[in-house]
Amino acid sequence: MKTFPEGFLWGAATSAYQIEGSPLADGAGSNIWHRFTHSPGRSVNGDTGDVACDHYRRWESDVELMKELGLQSYRFSLAWARILPEGRGRVNQKGLDFYRRLVDRLLERGIKPNITLYHWDLPTALDDRGGWLNPDIDEWFADYAQVAFDAFADRVPMWATLNEPWVAVDGGYLHGVHAPGHANLFEAPIAAHRLLLAHGAAVERYRAGGWKHQIGIVVNLEPKDPASDSPEDVAATSRAHTYFNEQYCDALFLGRYPDGMREIYGDAWPEWPAADLARISAPLDFLGINYYTRALTRFDAGRAPVFDARVSPDHPARMTTGWEFHPEGLTRTLLWVKERYGDMPMYVTENGGAYPDPPTATNGRVDDPLRVECYRQNLLACRSALEQGVDLRGFFAWSLMDNLEWSAGFSQRFGLVHVDFATQQRTIKASGEFYREAIRTHGASLA
Ligand code: IFM
């Protein structure tokens with residue numbers, strides 16, 4: 001098979017806080033990433049999302065860029081605190097209108113909107129009430145989802161409740177490197193469970209609304225391979241796999257947490273009511289998978305509670321994030337989901353890589369051969385999974401454009417489109433041209 005299946009969806013992804021800028025404009029409330037990046041020492045160079053890609057003001061020309069790239073779909077997230085400045089209660093019409101204009105323009109231009117409800121920017125007002133630790137947050141989230149569904153679910157074909165709950169918890173509640181910056185062993189499993197309950201509550205609202213499109217969730221997955229055959233490394237790899245890959249997916253698709261979670265968290269792991277797991281595991285229309293790398297894993301005595309560390313071999317295509325370039329891992333990941341959880345529609349909702357692009361374009365060009373190769377190999381890895389029977393329905397490049405890489409600030413460039421952050425000049429990179437050709441030829445141009 002040289003081309004991808006008929007109807008395969010080609011898109012690119014972003015998230016609100018990473019690109020929009022103007023986080024408090026038009027009556028928006030603060031969110032935890034605004035507060036976090038404005039706290040000293042929390043992000044590289046003190047970078048914040050105050051301006052980012054200025055997409056809040058440049059959205060119209062950004063939609064034209066998507067058109068130029070030939071995108072069939074655009075995955076983006078809604079900023080909860082733009083729509084509900086206090087996180088619940090009062091709706092901020094101007095915030096909702098920003099997304100209404102975007103959705104309608106995308107549809108006019110023939111680009112399918114793919115909305116993620118939560119890409120980590122919890123309203124600060126809710127964090128002040130305990131955030132993901134508060135037992136009421138599932139209903140707060142469902143109420144927010146309801147506002148979004150009422151506004152857009154009639155015409156938005158794809159919805160995801162959460163983006164990468166693993167990162168939100170591991171970074172935000174266990175290691176403190178992401179907002180809200182907590183490092184607390186007892187909080188992490190509670191935040192994880194409440195995120196999943198919120199997901200379940202939003203899915204219930206979507207089903208109750210009778211909307212005819214698709215709703216799912218986006219998780220980040222990666223194969224874990226031992227860095228050596230020492231028993232310590234092998235055991236650390238197994239724990240890392242449970243914690244990273246199985247924790248969320250088992251709850252979502254098997255209705256239980258893996259037994260290994262108790263071994264990892266010890267007394268910090270609560271017993272959860274069966275009714276919660278039933279709510280969490282309600283059927284979904286698709287699974288979104290974000291894939292970047294595999295993890296060669298070794299034991300690390302200093303990294304409780306999983307005691308694992310990533311080894312990244314020196315390789316010319318190693319990403320500037322330090323991640324190993326490993327396209328075979330994408331095929332393995334897709335096959336693993338199919339084998340463990342059964343056949344289901346899947347999308348690669350993020351894939352790509354950070355590479356050392358220059359801060360400015362030269363003569364209107366940005367050549368990024370490593371990223372071109374990254375996309376080529378990862379798309380071929382998708383094709384291989386398709387050939388092996390995975391029901392893969394689409395692929396979204398991360399990212400449409402260079403943006404704020406969370407606490408790494410603007411130091412990591414992932415875009416198909418280069419952003420000169422001093423001028424906001426956009427330049428389609430060679431990888432953007434490569435991706436456009438892959439879309440145009442349904443993948444025939446890959447090899
Ligand atoms: O930038 C992030 C995105 O927000 C979530 N997935 C991984 C990307 C790269 O780290």
Side-chain angles (χ1 to χ4, degrees), residues 11-21 23 31-34 36-37 42-44 47-49 52-53 55 74-80 114-122 160-172 175 177-180 195 216-222 244-245 248 287-295 310 312 317-326 329-330 333 347-357 368 370-371 374-375 378 395-419 421 431:
T14 64
S15 88
Y17 191 70
Q18 291 180 274
I19 66 161
E20 286 177 356
N31 70 71
I32 56 173
W33 271 96
H34 180 70
F36 191 73
T37 55
R42 289 303 204 172
S43 68
V44 168
D47 289 342
T48 73
C53 307
H55 170 78
Y74 173 50
R75 173 175 177 247
F76 60 100
S77 73
L78 307 182
W80 184 344
N114 171 354
I115 290 184
T116 300
L117 287 166
Y118 185 68
H119 200 124
W120 310 349
D121 47 357
L122 185 72
T161 52
L162 309 177
N163 178 73
E164 299 181 2
W166 182 88
V167 177
V169 174
D170 186 78
H175 294 299
V177 293
H178 274 202
L195 273 154
I217 189 169
V218 171
V219 294
N220 53 313
L221 299 177
E222 62 187 27
F244 192 102
N245 294 317
Y248 295 88
L287 175 65
I289 295 165
N290 295 353
Y291 175 84
Y292 289 91
T293 186
R294 67 144 171 194
R310 184 188 297 268
S312 187
R318 188 167 68 175
M319 302 173 193
T320 50
T321 43
W323 300 341
E324 185 186 2
F325 172 57
H326 194 75
L330 177 50
T333 297
Y347 291 82
V348 172
T349 33
E350 283 182 29
N351 176 253
Y355 290 103
D357 304 324
D368 54 344
L370 293 175
R371 190 174 292 102
C374 174
Y375 279 118
N378 280 317
F395 179 95
F396 290 78
W398 183 271
S399 175
L400 170 66
M401 56 186 150
D402 297 335
N403 57 48
L404 181 86
E405 179 57 11
W406 305 109
S407 32
F410 298 105
S411 68
Q412 304 296 326
R413 292 181 178 269
F414 280 89
L416 294 171
V417 174
H418 181 273
V419 178
F421 292 105
S431 58

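Each ligand, and each atom within it, is numbered from 1 in the order the structure gives. Only heavy atoms go into these numbers, but all of them, side chains included; no hydrogens, no water, no symmetry mates.
- By the 4.5 Å heavy-atom criterion applied to side chains, Tyr355 and Cys374 are counted as neighbours.
- Among all heavy-atom pairs drawn from Ile217 and Thr161, the shortest one is CG1-OG1, 3.6 Å.
- With respect to Glu350 and Arg75, a salt bridge is recorded, a charged nitrogen being found less than 4.0 Å from a carboxylate O.
- Once rounded to the nearest 0.5 Å, the distance linking CG of Leu221 with OG1 of Thr333 reads 6.0 Å.
- Side-chain N or O atoms of Glu164 include none that pairs as donor or acceptor with a backbone N or O of Val219 at under 3.5 Å.
- The closest side-chain donor-acceptor pair between Tyr17 and Ser77, if any, does not fall under 3.5 angstrom.
- Near ligand 1, heavy-atom contacts under 4.0 Å come from Gln18, His119, Trp120, Asn163, Glu164, Tyr292, Trp323, Glu350, Trp398, Glu405, Trp406, Phe414.
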